[in-house]
Amino acid sequence: MKRQYDYLVVGAGPFGAVFAHEANKRGKSVLVIDRRNHIAGNMYCETKDDINIHVYGAHIFHTSIKHVWDYVNQFAEFNHYVNSPVANYKGEMYNLPFNMNTFSKMWNIRTPKEANEIINKQRAVISGGEPKNLEEQAISLVGTDIYEKLIKGYTEKQWGRKCTELPAFIIKRLPVRYTYDNNYFNDRFQGIPIGGYTKMIESMLEGIEVRLGVDFLKHRDEYETLAGKIIYTGPIDEYFDYSEGVLEYRGLHFETERLEEENLQGVAVVNYTEGEIPYTRIIEHKHFEFGTQPVTYVTKEYPKDWKIGEEAYYPVNDVKNLDLYAKYVKKAKIVSNVIFGGRLGGEYKYYDMDKVIASALELCKKELDK
Ligand code: UDP
């Protein structure tokens, strides 16, 4: 039987969109489906009062991979946004990431030498050697004051676990700097696509058939036979009907409000680092694009336990889940006409957007240029 399409791409997020774009460019016939009623996955933005709202949480594009930066710049023009969030601890405001501005405010000091001396003293509370968990890692990086005020509460509500039960690598995402530099990222390239992420993904998918509101797993029989090959970017465990068990994620709940105010917080992201406040951060979306509208939209982000059927945000990369994931990878290898990819489908990783795009481009090279 002649298949109608060369490729069926399940999921219109960044992984699926990059693959679809590259396949289409090489003359392959492609159908993209997504069970949501919009494209762009969790990068999706909705425009209200001329403000692009990051519906699934703040997305700031940053990368050090030159070819990924060049790649995304074909589909959007990026602005000069530099992420410089602020932490609010019981009303005290501290700059992030942890840098001389943070240290100076915390201890009323001025020089890197003074900061270093304080942190050195404070880190003596933990025994030497490789940090065994997030708490030890954090204290060894920035000392006990910053750990108690800016890390402990935030991290424990974000992950729903004690810092002593979390892997050290999570906190290593954040730079620690002995300079007065509030740039949250160390990457060479950074910005927000002008006009929002949806427009960028739309541009990748130009000229490609996209069907929205279509759940592949519910219509497997119909869709499996449509194409010679399937690129599946949905949850890998769901594909196999959870036969080995359920991979865990951390969930998020968002509450968005429109305010008749021009500028509520003066910055896109304020982290609430004390444990008692149930949300982790408030996003004021207009500041991602230097908006000057007379109104503003703000979103409170509440971490929560995740259940099957809800949107999956952060993979819980502990030993139990990684073992389970390895079992699914084994199963996936046997399904010859399906390629699993993306944050949920192929990797189960705490992934930034640039890594997802890099991984999609890798697949394109292997699959389309062979
Ligand atoms: N973190 C923290 N305090 C903050 C911001 C971040 O302790 O004010 C820790 C927390 O453990 C979090 C990790 O750093 O899970 C990574 O933060 P990042 O901002 O990279 O998280 P994302 O933006 O991916 O949610």
Side-chain angles (χ1 to χ4, degrees), residues 7-25 28 30-46 52-79 81 83 185 187 189-212 214 216 230-236 249 252 288 311-315 339-368:
Y7 290 102
L8 170 69
V9 175
V10 180
F15 192 96
V18 166
F19 185 86
H21 178 86
E22 291 304 311
N24 179 60
K25 204 165 85 181
K28 304 288 184 193
V30 186
L31 170 65
V32 178
I33 60 172
D34 199 298
R35 63 179 161 195
R36 294 180 184 174
N37 59 10
H38 61 74
I39 60 165
N42 281 5
M43 286 159 75
Y44 175 65
C45 294
E46 205 170 74
N52 293 313
I53 297 165
H54 295 205
V55 176
Y56 299 95
H59 281 73
I60 299 132
F61 199 92
H62 57 96
T63 189
S64 295
I65 314 171
K66 173 97 169 44
H67 77 268
V68 167
W69 181 244
D70 292 341
Y71 190 79
V72 293
N73 272 273
Q74 297 175 70
F75 305 101
E77 207 180 315
F78 281 71
N79 70 14
Y81 179 81
N83 196 33
F185 303 114
D187 285 321
F189 310 105
Q190 179 171 186
I192 304 276
I194 296 170
Y197 289 97
T198 313
K199 227 174 94 184
M200 179 176 114
I201 301 288
E202 223 166 59
S203 156
M204 286 181 185
L205 293 172
E206 206 183 292
I208 297 167
E209 187 181 346
V210 179
R211 294 187 203 164
L212 296 174
V214 177
F216 171 76
I230 297 172
I231 310 297
Y232 179 85
T233 71
I236 193 167
Y249 289 89
L252 293 176
F288 288 126
E311 299 304 344
Y313 289 92
Y314 299 95
I339 298 170
F340 295 82
R343 182 178 58 102
L344 305 172
E347 324 253 358
Y348 191 66
K349 267 192 192 147
Y350 189 174
Y351 247 180
D352 290 323
M353 291 177 278
D354 66 323
K355 303 293 185 311
V356 174
I357 288 169
S359 150
L361 288 172
E362 236 357 84
L363 172 65
C364 293
K365 234 195 264 165
K366 266 201 290 195
E367 176 64 22
L368 301 168

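Computed from a predicted structure; not experimentally measured. Numbering starts at 1 and runs along the sequence shown.
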If only atom types and distance count, is the side chain of Gln190 paired as donor or acceptor with the main-chain N or O of Asn83 below 3.5 Å?
->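 Judged by distance alone, yes, a pair lies under 3.5 Å.
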Atom pair [atom1] ([X]) and [atom2] ([Y]), whose distance is rounded to the nearest 0.5 Å:
{"X": "His54", "Y": "Glu46", "atom1": "NE2", "atom2": "CD", "value": "12.0 Å"}
{"X": "Tyr197", "Y": "Ile60", "atom1": "OH", "atom2": "CD1", "value": "7.0 Å"}
{"X": "Asn52", "Y": "Tyr44", "atom1": "CG", "atom2": "OH", "value": "10.5 Å"}

Minimum side-chain heavy-atom gap [X]-[Y] below 4.5 Å:
{"X": "Phe189", "Y": "Val72", "value": "no"}
{"X": "Leu212", "Y": "Ile39", "value": "yes"}
{"X": "Pro14", "Y": "Met353", "value": "no"}
{"X": "Thr198", "Y": "His38", "value": "no"}
{"X": "Leu8", "Y": "Phe216", "value": "yes"}

Of all the heavy-atom pairs spanning [X] and [Y], show the shortest one and how long it is.
{"X": "Ala23", "Y": "Tyr7", "value": "CB-CD1, 4.1 Å"}
{"X": "Thr233", "Y": "Val10", "value": "OG1-O, 2.6 Å"}
{"X": "Ala58", "Y": "Phe288", "value": "CB-CZ, 3.7 Å"}
{"X": "Ala40", "Y": "Ile201", "value": "CB-CG1, 3.8 Å"}
{"X": "Gly11", "Y": "Val32", "value": "O-CG1, 4.2 Å"}
{"X": "Ala358", "Y": "Ile65", "value": "CB-CD1, 4.1 Å"}

Residues 341-348, side-chain donor-acceptor partners within the protein, below 3.5 Å, at least two apart:
from   : atom 1 : to     : atom 2 : distance (Å)
Arg343 : NH1    : Ala312 : O      : 3.2
Arg343 : NH1    : Tyr313 : O      : 2.5
Arg343 : NH2    : Ala312 : O      : 3.3
Glu347 : OE1    : Tyr351 : OH     : 3.1
Glu347 : OE2    : Ser359 : OG     : 2.8
Tyr348 : OH     : Glu248 : O      : 2.5
Tyr348 : OH     : Val316 : N      : 3.2
Tyr348 : OH     : Val316 : O      : 3.2

[X]: what forms a side chain to side chain contact (heavy atoms under 4.5 Å, CB included) with it, not counting sequence neighbours?
{"X": "Ala360", "answer": "Phe15, Val18"}
{"X": "Asn73", "answer": "Trp69, Phe78"}
{"X": "Lys365", "answer": "Glu362, Asp369"}
{"X": "Asp352", "answer": "His62, Arg173, Asp354"}

Return the set of residues passing ring-ring contact (aromatic ring centres under 6.0 Å, His included) with [X] (not counting sequence neighbours), or none when no residue passes.
{"X": "Tyr314", "value": "Trp159, Tyr350"}
{"X": "Tyr71", "value": "Phe75"}
{"X": "Phe340", "value": "Tyr232, Tyr239, Phe240"}
{"X": "His59", "value": "none"}

Evaluation steps, side-chain hydrogen bond (donor to acceptor under 3.5 Å, both in side chains), between Asp187 and Thr63 = CA-CA 5 Å; Asp187 285 321; Thr63 189; 5.7 Å; no
Mind checking what makes side-chain hydrogen bond (donor to acceptor under 3.5 Å, both in side chains) contact with Asn24, not counting sequence neighbours?
->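 In terms of side-chain hydrogen bond (donor to acceptor under 3.5 Å, both in side chains), with neighbours along the sequence ignored, Asn24 is linked to no residue.
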Taking only residues at least two apart or on different chains, which pairs with a member in residues 189-210 satisfy salt bridge (Lys or Arg N to Asp or Glu O under 4.0 Å)?
->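 Sorted result for residues 189-210: Glu209-Arg211.
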Tell me, which pairs form a salt bridge (Lys or Arg N to Asp or Glu O under 4.0 Å) where one or both residues lie in residues 7-22, sequence neighbours left out?
->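 Pairs touching residues 7-22 that pass the test: Glu22-Lys25, Glu22-Arg26.
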Charged N to carboxylate O under 4.0 angstrom, Arg36 versus Glu311?
->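 Looking at Arg36 and Glu311, the cut-off is met.
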